[in-house]
Amino acid sequence: MSRGKKVFGRSIVAAAVMVTMGGLAQAQETLKIGLLASLEGPFAAPGQDGMRGADMALKEKNGMAGGKKIEFVKVSSDATPDKAVNSTRKAVEQDKVQIMIGPLSGDEGIAVKNYAKTQPNITFINGSSGAQAATLGDPAANFYRFNTEGAQWMVGLGEHALSKGYKKTFLIAEDYGFPYSQVQGFMASYCAKGGKVVDKAWVPLGTKDYASVIAKIPKDVDALVVVLGGSDAVNFLTQYEQAGGDKPMVGGSITVDQTVLNFKGKRRESLLGTASAGPMADSIDTPEWKKFVADYKANFKDGFPSPSLFAYLYYINTKAALDGLDAVKGDLSNGQKAYREALQKTNFKGPAGDVKIDANRNGVGTTYITEVTKAPDGSFYNKVVKQVPNITQTLGLPEAEFKKMGLGTRDVPDCRT
């Protein structure tokens, strides 16, 4: 072979090697996705379970999406808006994530939504935040929430409380956006059908002493409506037990969630029969839910007896984020235009029902009315007693009627008289 042919041959081989290596490099390209949850403060246990849900969604895809290896950049908050934004900013501006999943809590979601407006080339996907205003009031075009929100989760619970004879109630709730939404979802139908909430006790997030609240509870109410979560719920339940409290309860979506249900104490037994509502329930009887529970238990020996609300919500939001990447083969060019179009078209069968969003990029789905029940092994779970399908952010009301009522606040709705 002549020298020229040898050189030409070596050049062909070298070029082939470079193409092969380039292909391998492309196949092994890593995409960073930020993952924010509250791993400090009153929602530390829920935050940890939220991370478990996100990890499950990624593991199902063998750590890949859109042809790229996915790396979670995990950051922590403490359920406060400032910390949530600071942690999000670090992930976006320092760690250079291109997609951000989170946060966990209500006011955090509103704050991250507002921050998203300053970062139009990054796509933000909710974790488990459930305040209405994250999507219903002044939405951000790059903020997506594939779960329904706190007010939607309570639709139908008011009627169920009335069916149990709870015509007169006293409310205890944390004083921020998510409980405002939860209370509105409960009271909108409860008040309209003749129920009375005689007074409301709004407490700061992270309250440890409930003595003054317990002292205010009227003797003649039929039940308490308790919209507390995490360590706040455990502290209230423990102190109410110690004070000899005996009123039945109606719980918010995270008041009798798995992160609270299995706390130790005598009051725990009195939670049996407690009505609640939310976007999932421990006893959903479908193959999709049963597989989700089995996978959760297999992956997390240190987890709860059943996946918490937070594990479920982080799972479906993360799955939507990863499915969107698959749909566009990892293409995040042109301001992530194709990716966002794919996200808008999302419609998959999740563990607790179809996952889809409306024009405001907010979930539309089923609400489950539940009651706390004891399993044969002694653990507590939420048993489905009714399903309310296809709930939108107008809570089953005509749009004009919902707008007249306005978003939930400390004082909206009101039905004391």
(request) Please report the C-alpha distance between Gln152 and Thr367 in whole Å, then the side-chain angles of each, then the deciding distance to 0.1 Å, and finally whether the side-chain hydrogen bond (donor to acceptor under 3.5 Å, both in side chains) criterion is met. (result) CA-CA 7 Å; Gln152 292 169 276; Thr367 290; over 6 Å; no
Looking only at atom types and distance, does a side-chain atom of [X] sit under 3.5 Å from a main-chain N or O of [Y], one as donor and one as acceptor?
| X | Y | result |
| --- | --- | --- |
| Asn142 | Phe124 | no |
| Glu149 | Ala131 | no |
| Thr123 | Ile99 | no |
| Asn334 | Gln336 | no |
| Asn360 | Asn362 | no |
| Gln98 | Val92 | no |
| Ser105 | Glu108 | no |
| Tyr339 | Ala321 | yes |
| Ser276 | Gly252 | yes |
| Asn62 | Met64 | no |

(request) Is it possible for you to check whether Lys319 lies under 6.0 Å from the centre of the six-membered ring of Phe348, through NZ or CZ, and within 45° of that ring's axis? (result)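 The answer is yes; both the distance and angle limits are met.
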Any ion pair linking [Y] and [X] (charged N to carboxylate O, less than 4.0 Å)?
| X | Y | answer |
| --- | --- | --- |
| Lys403 | Glu399 | yes |
| Asp232 | Lys208 | no |
| Asp323 | Lys345 | no |
| Glu159 | Lys193 | yes |
| Lys32 | Asp95 | no |
| Asp285 | Lys290 | yes |
| Lys349 | Glu288 | no |
| Lys247 | Asp220 | no |
| Lys59 | Asp55 | no |
| Arg410 | Asp175 | yes |

(message) Parallel, tilted or perpendicular: which one describes the rings of Trp289 and Phe292, with boundaries at 30° and 60°?
(response) tilted
(request) Please state whether the rings of Tyr180 and Trp202 are parallel, tilted or perpendicular, taking 30° and 60° as the class boundaries. (result) perpendicular
(request) Would you kindly say whether Asn317 and Asn147 are connected by a side-chain donor-acceptor distance under 3.5 Å? (result) yes
(request) Would you check, one step at a time, whether the test side-chain hydrogen bond (donor to acceptor under 3.5 Å, both in side chains) holds for Glu371 with Asn382? (result) CA-CA 5 Å; Glu371 291 189 356; Asn382 286 296; over 6 Å; no
(request) Go through the steps to decide whether Thr409 and Asp411 satisfy the test side-chain hydrogen bond (donor to acceptor under 3.5 Å, both in side chains), and finish with yes or no. (result) CA-CA 5 Å; Thr409 67; Asp411 304 311; 5.1 Å; no
(message) Could you check whether Tyr296 and Phe300 have their ring centres less than 6.0 Å apart?
(response) yes
(message) Before we go on, tell me: are the rings of Phe236 and Tyr210 under 6.0 Å apart, centre to centre?
(response) yes
(request) Answer yes or no: does atom NZ of Lys164 have more than 12 heavy-atom neighbours from other residues, nucleotides or ligands under 6.0 Å? (result) yes
(request) Give a yes or no on this: more than 12 heavy atoms of other residues, nucleotides or ligands lie within 6.0 Å of atom NZ of Lys167. (result)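 Check fails, neighbour count at 12 or below.
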(message) Just so I know, are the side chains of Lys337 and Asp331 near enough to count as touching, which here means a heavy-atom distance under 4.5 Å?
(response)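 Result no, sub-4.5 Å side-chain heavy-atom pair not found.
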(message) If I compare all heavy atoms of Ser76 with all of Ser87, which pair ends up nearest, and what's the gap?
(response) O-OG, 2.6 Å
